[in-house]
Structures are given as structure tokens and as C-alpha cells.
Amino acid sequence: MSDNRPPFVVAHRGSSAALPEHTLAAYELALHEGADGLECDVRLTRDGVLVCVHDRTIERTSDGTGVISEMTLAELKEFNFGTADKPAEVLTLSELLTLTLDWKSRATKVFIETKHPVRYGALVETKLLAELQRFGLASPASADMSRAVVMSFAATAVWRIRRSAPMLPTVLLGETALYLTGGAAHTVGATAIGPGVAVLRDHPDLVDKAAAAGRATYCWTVDDRTDVDYCAELGVSWIATNHPARTKTWLGQSV
Ligand code: G3P
Ligand code: CA
């Protein structure tokens with residue numbers, strides 16, 4: 001399969017099976033492994049900085065404790081998000097965007113997921129758009145050309161992005177087929193739907209239905225070979241995986 005054909009491989013939280021998730025090292029490895037996209041979750045600190053962390057708290061992914069929305073970036077930087085051997089500070093979205101844009105081997109995209117409900121509500125999308133503007137990424141010439149994609153399970157979050165930055169591609173993530181086909185993606189103008197792989201196994205028709213409506217499909221989190229092959233056969237555009245290197249190999253794509 002050519003590198004110019006889907007499915008494109010998105011490194012979920014970086015190359016996160018190999019290295020601690022959402023760390024600079026995990027994303028650097030993903031780039032070296034030939035990932036076409038880098039997925040991250042973003043949350044706002046108390047002083048208004050977007051950091052790449054999945055959970056509401058830092059217990060699972062660092063040696064610290066606390067709620068991100070109640071901590072400043074300086075406070076978060078006190079904790080180790082890496083390993084004892086290779087410590088790592090919390091990664092900011094700004095650092096991840098810089099890393100991605102500095103990577104010249106491939107026009108890798110960043111898939112940025114906003115979590116909801118959260119303390120700061122719509123301010124997350126406001127800050128995200130400001131950050132994308134600062135990097136010159138908020139008004140791409142086309143969705144295909146865009147280096148940034150914004151995703152959320154919250155339709156309102158997708159709508160906020162579409163309203164303010166209509167050229168930015170968006171993914172409406174969903175836990176059920178009904179949510180994704182029930183009109184929400186159309187109402188908010190999402191350019192893609194984002195089913196989990198279990199949903200797609202039960203509802204393979206989602207991909208063709210989305211395509212008929214002009215939408216791509218982004219599927220997560222696709223770590224098994226049978227699921228990778230299944231997504232490729234269905235015509236899924238983007239697959240998010242914790243194992244970008246072996247997924248590229250399975251698909252016969254070069255690094
Ligand atoms: O890429 C989408 C996927 O990451 C959604 O689930 O919980 O891993 O953020 P979660
Ligand atoms: Ca995510």
C-alpha cells in the first residue's frame with residue numbers, strides 16, 4: 001500500500017506503548033516511526049496554559065497528585081511525567097506544535113482532543129484557537145492541507161471550532177453509532193466521525209455512510225492486527241494506535 005493512501009497512522013498519545021504517554025519523548029519516537037499524525041488530549045491549567053494530559057488529575061501519569069485545572073504550569077512542572085531513568089516535564093500544546101512543525105520529513109498532523117465537561121468550559125476552545133492562530137494553523141487552505149485537526153466527544157466543542165475557524169477539520173468522537181449517525185456530526189459540521197474500534201466492528205456501514213455525507217472516518221484505538229486490516233478494508237481514513245511503528249509495517253507503509 002502506498003504512503004499516500006489511507007489509512008493514515010496516528011500515534012495515540014505519542015508512541016505510548018513504548019514510552020510514557022503524552023511526553024515529548026513519546027512524540028519524538030512516533031515521528032521517527034513514521035506516524036502521519038500525533039494525537040493528544042488537552043486541558044487548561046489554572047493560569048490558562050494548554051497542557052497535553054488525558055486525565056483530570058495527574059496521579060496516573062506522574063509522580064505527583066492534584067487536579068490540573070487547579071494547578072499552574074509552574075506547579076505542574078514540579079512533577080515527573082516520564083520515568084525514573086528519563087524524567088519528563090508535563091508537555092504543553094505549544095511544545096508539541098513546535099516539535100511537529102519542526103519535523104521536516106513528513107507533514108505530520110496534530111489531532112487535538114478537547115475534553116468535556118471541564119471547569120473552564122468553552123474557554124478551552126477559545127485558548128486552543130488562539131494557540132493555533134499563533135502558530136499559523138487556524139486557517140488552512142483546505143481541510144486536507146491542515147496540519148491541525150480538532151476533536152471532541154462534545155458536539156458543542158466541535159461546533160465552537162467550526163463556527164470560529166470553518167476551515168479547520170474536526171472529528172466528532174462518539175461511543176455509539178447512533179450518536180455519530182443521528183445527525184450530530186451534520187448539525188455541528190464535523191468533517192469526520194470518530195468511532196471507537198468496537199463500535200466500528202458492530203457497525204461497519206458507518207464508514208460508507210460518513211463518506212456519502214462527505215465525511216472521513218477516524219477510528220481509535222486500533223492496536224490489534226485484525227483491527228488494522230479491518231479498518232484498511234473498510235476505507236477508514238485515520239487510525240489512532242499506541243503502536244505506530246508496527247502498524248505502519250502491517251500496512252506495508254514506509255517510515
Ligand atoms: O483518539 C480518540 C481517543 O483518544 C478517545 O479516547 O479516552 O483515549 O481520549 P481517549
Ligand atoms: Ca484522546
Side-chain angles (χ1 to χ4, degrees), residues 6-23 26-27 30 35-44 50-62 68-69 81 90-93 96-97 100 108-118 124-125 128 131 146-158 161 168-177 179-180 184-185 188 190-203 206-207 210 215-224 227-228 230-231 234 236-244 247:
F8 298 105
V9 175
V10 180
H12 186 249
R13 310 182 193 178
S15 194
S16 59
L19 292 172
E21 69 181 55
H22 286 116
T23 56
Y27 288 109
D36 303 295
L38 305 177
E39 189 264 3
C40 68
D41 305 291
V42 290
R43 290 181 176 273
L44 264 183
L50 286 166
V51 290
C52 302
V53 184
H54 178 274
D55 302 357
R56 186 177 149 269
T57 65
I58 63 171
E59 275 81 342
R60 183 179 62 82
T61 54
S62 81
I68 290 160
S69 62
F81 285 74
V90 68
L91 183 68
T92 64
L93 178 63
L96 179 58
L97 292 175
T100 309
T108 312
K109 294 177 189 279
V110 184
F111 287 73
I112 306 160
E113 180 185 347
T114 65
K115 293 295 194 191
H116 290 283
V118 286
V124 177
E125 281 74 35
L128 173 54
E131 195 75 324
S146 183
R147 299 293 297 278
V149 180
V150 181
M151 318 190 287
S152 189
F153 286 98
T156 46
V158 171
I161 297 295
L168 268 182
T170 49
V171 180
L172 180 66
L173 300 168
E175 308 270 16
T176 67
Y179 178 63
L180 293 170
V188 300
T191 56
I193 59 165
V197 68
V199 171
L200 205 56
R201 276 189 224 115
D202 290 343
H203 300 275
L206 275 178
V207 179
R215 290 191 181 86
T217 298
Y218 164 103
C219 186
W220 50 277
T221 301
V222 188
D223 283 344
D224 296 336
D227 287 330
V228 171
Y230 178 70
C231 286
L234 284 180
V236 170
S237 303
W238 296 92
I239 55 176
T241 177
N242 300 314
H243 298 266
T247 305

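First listed ligand is number 1; within each ligand, the first listed atom is number 1.
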Distance below 3.0 Å from the Ca ion (ligand 2): protein N/O/S atoms
E39 OE2, D41 OD1, E113 OE1
Contact atoms of ligand 1, heavy-atom distance to K115 under 4.0 Å
7 (O), 9 (O), 10 (P)
Residues that A18 engages under side chain to side chain contact (heavy atoms under 4.5 Å, CB included), provided they are two or more places apart
S15, L29
Treating Y230 as the side-chain partner and L200 as the backbone partner, does any N or O pair qualify as donor plus acceptor under 3.5 Å?
yes
Salt bridge present between E39 and K109 (N-O < 4.0 angstrom)
no
Does any N or O in the side chain of T191 come within less than 3.5 Å of the main-chain N or O of R215, such that one atom is a donor and the other an acceptor?
no
Does ligand 1 have an atom that lies less than 4.0 angstrom from a heavy atom of F153?
yes
Short side-chain to backbone donor-acceptor contact, N242 and S16, under 3.5 Å:
no
Per-atom contacts, ligand 1 versus R13 - under 4.0 Å to a heavy atom
7 (O), 8 (O), 10 (P)
Flag the pair D55 and K115 as a salt bridge only when some basic side-chain nitrogen lies within less than 4.0 angstrom of an acidic carboxylate oxygen.
no
The test is side chain to side chain contact (heavy atoms under 4.5 Å, CB included); show your working for W220 and V197 and say whether it passes.
CA-CA 6 Å; W220 50 277; V197 68; over 6 Å; no
Minimal heavy-atom distance between H22 and C40, with the atoms involved, is NE2-CA, 3.6 Å
Heavy atom of the protein closest to atom 4 (O) of ligand 1 (residue, atom name, distance):
H12 NE2, 2.7 Å
Test of understanding: given a 4.0 Å heavy-atom threshold, classify the contact between D41 and ligand 1 as side chain, backbone, both, or neither.
side chain
Using salt bridge (Lys or Arg N to Asp or Glu O under 4.0 Å), reason through E21 and R60 one step at a time and then give a plain yes or no.
CA-CA 11 Å; E21 69 181 55; R60 183 179 62 82; 2.8 Å; yes
Can you find an N or O of H54 that's nearer than 3.5 Å to an N or O of ligand 1?
yes
Stepwise side chain to side chain contact (heavy atoms under 4.5 Å, CB included) check, L128 with I112:
CA-CA 9 Å; L128 173 54; I112 306 160; 4.0 Å; yes
Quick check: does Y218 get an N/O under 3.5 Å from an N/O on ligand 1?
yes
Give the atoms of ligand 1, by number and element, whose distance to some non-hydrogen atom of E113 is under 4.0 Å.
2 (C), 3 (C), 4 (O), 5 (C), 9 (O)
